[in-house]
> 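Got a structure for you, written out below as C-alpha cells; questions coming shortly.
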Amino acid sequence: MTQPMEAKRLNFFMDKINGNFKKKDILSLDQFDPKSLSKLFRTTDTIIRKLKRKKRLTSLSGKIIALLFFEPSSRTFGSFASAVKRLGGQTIEVQDVGRNSSVAKGESLSDTIKVFESYSDAIVIRHPEKGSAKIAAQAATTVPVINAGDGTGEHPTQAILDLYTIYQKFKRLDNLTGLIAGDLLNGRTVHSLIKGLSLYKKNALYLLSPKSLGLPTELMNNLAKKIRLVEIENETDMPTNLHFWYWTRVQKERFKNLQEYKKVKNRFIIAPELVVKKGNQHMIIMHPLPRVGEIDPRVDDDERAVYLKLQVPNGVYTRMALLTLILSRL
Ligand code: CP
C-alpha cells in the first residue's frame with residue numbers, strides 16, 4: 001500500500017524562508033530576508049560554475065514539477081521547464097489551463113491544485129487573479145507552490161532573477177539608487193522587485209510613470225517606510241547617477257478601457273538618445289520582458305543593456321537554484 005504524502009506544514013503557507021527553503025511555498029518577496037537571498041545566490045553561483053564545467057546536475061532526478069499556466073508566458077514557463085530538465089527532473093506542462101484542463105468544465109482552482117499535487121512534487125502556477133497563488137498554496141497540503149505571477153500581485157521568481165542580476169553587476173544589494181519606469185500600478189515584477197530592494201539598507205528608487213499608473217497606494221505606503229521612493233512623471237527629472245534603469249511594459253491586459261491604454265502605452269520609451277542624455281558608464285538597463293515598443297532595439301547592442309544578455313539566462317539559473325533548495329540539495 002502506498003504511504004500518504006507527508007504534509008508540507010500545518011497551515012503555514014506564506015512561511016518566512018529564514019534561510020530554510022525546504023518544501024516552502026514561494027508566494028511573495030515578503031517571505032524573504034537578505035540571508036535567504038544570499039543562500040539562493042550562492043547556490044545559483046555554484047550551479048553556474050557546474051554548468052560551465054559541463055557537470056551533470058541531478059538534484060531533481062525522480063521529481064515531477066507541474067507547470068500550470070492560466071496566462072501566457074514565454075520566459076517564466078520556458079525557464080522553469082528548462083530548469084527542471086537541466087536538473088534531471090520531469091515536468092507536467094499545462095498552458096492555457098482555463099481551456100486545456102477541466103477548468104474549462106467549471107472545475108475550481110482549489111480542486112485543480114488538489115488533483116495536480118497527487119501527480120507532482122511541486123506546482124508552479126501563473127494565474128490572472130491577484131492572490132490566486134496563495135489560494136493554490138492553501139489547497140496544496142503536501143507539495144510546495146511557486147507563484148509564477150498572480151495577476152497584478154507579485155512575481156517573486158522574476159524579482160529573484162532581477163536581484164541576482166543587480167548583485168552580479170554591483171556585488172551588493174544595498175546603497176544603490178535605481179529607476180523603475182512604466183506601469184507600476186499593474187506590474188507585478190515591479191511590486192516584487194521593490195519589496196526585494198527594500199530588504200537592504202540605503203537603497204533609493206525613482207519611480208517614473210504616468211500619474212494613473214503609479215504604485216498602488218497601499219503598497220506605496222507600506223514600502224515608503226522601508227525604502228526611499230521618489231515619484232517622478234518626466235524623463236527630465238531622472239538623475240544621471242543611477243545604478244540601474246528597470247523599464248516595464250504598460251500591461252494592456254489589465255486595462256478595462258482600451259482608449260485609456262492607448263493614452264499611456266508609449267509615454268516612456270528608452271531610445272539611444274535618452275541613454276546618452278541621462279545614462280552613465282556604470283549603470284545597467286533592465287527589463288523583465290516582454291517589451292512592446294518601450295525599448296528601442298538599437299539599445300540592445302549597448303553593453304549596459306542586460307535584459308537579453310543576463311536577465312534571461314539568469315531566469316534559468318536562479319530557478320534551478322530555487323527548485324534545488326526547495327526540493328533537494330546539490
Ligand atoms: N518576465 C516574464 O514574466 O515574462 P513571461 O510573461 O514571458 O513569462
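Read the numbers this way: they start at 1 and go in the same order the structure lists the ligands and their atoms. The first residue of the sequence shown is numbered 1, and numbering continues consecutively from there.
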> May I have the step-by-step check of salt bridge (charged side-chain N to carboxylate O under 4.0 Å, His left out) for D300 and R291, ending in yes or no?
CA-CA 12 Å; D300 297 359; R291 63 175 156 181; 2.7 Å; yes
> Search all heavy atoms of D121 against all heavy atoms of G62 and return the closest pair with its distance.
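Minimum heavy-atom separation between D121 and G62: OD2-O, 4.1 Å.
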> Output a table of donor-acceptor pairs, distance under 3.5 Å, between side-chain atoms of residues 262-273 and any protein atom two or more places apart or on a different chain; print 'none' if there are none.
{"residue": "K263", "atom": "NZ", "partner": "E260", "partner atom": "OE2", "Å": "2.9"}
{"residue": "R267", "atom": "NH1", "partner": "E235", "partner atom": "OE1", "Å": "3.4"}
{"residue": "R267", "atom": "NH2", "partner": "E233", "partner atom": "O", "Å": "3.4"}

> Please confirm whether H243 and F170 have ring centers closer than 6.0 angstrom.
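Between F170 and H243, which both carry aromatic rings, the centre distance is below 6.0 Å.
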> Would a distance-only check, ignoring hydrogens and angles, find a side-chain to backbone donor-acceptor pair under 3.5 Å from R188 to H155?
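Not at all, since once roles are kept as given, no pair shorter than 3.5 Å links the two residues.
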> Between F80 and R319, is there a cation-pi geometry (under 6.0 Å to ring centre, at most 45° from the normal)?
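Judged by the rule (NZ or CZ under 6.0 Å from the ring centre, within 45° of its axis), R319 counts as positioned above F80.
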> Protein residues near ligand 1, heavy-atom distance below 4.0 Å?
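Lining ligand 1: S73, S74, R75, T76, R126, H155, Q158, P288, L289.
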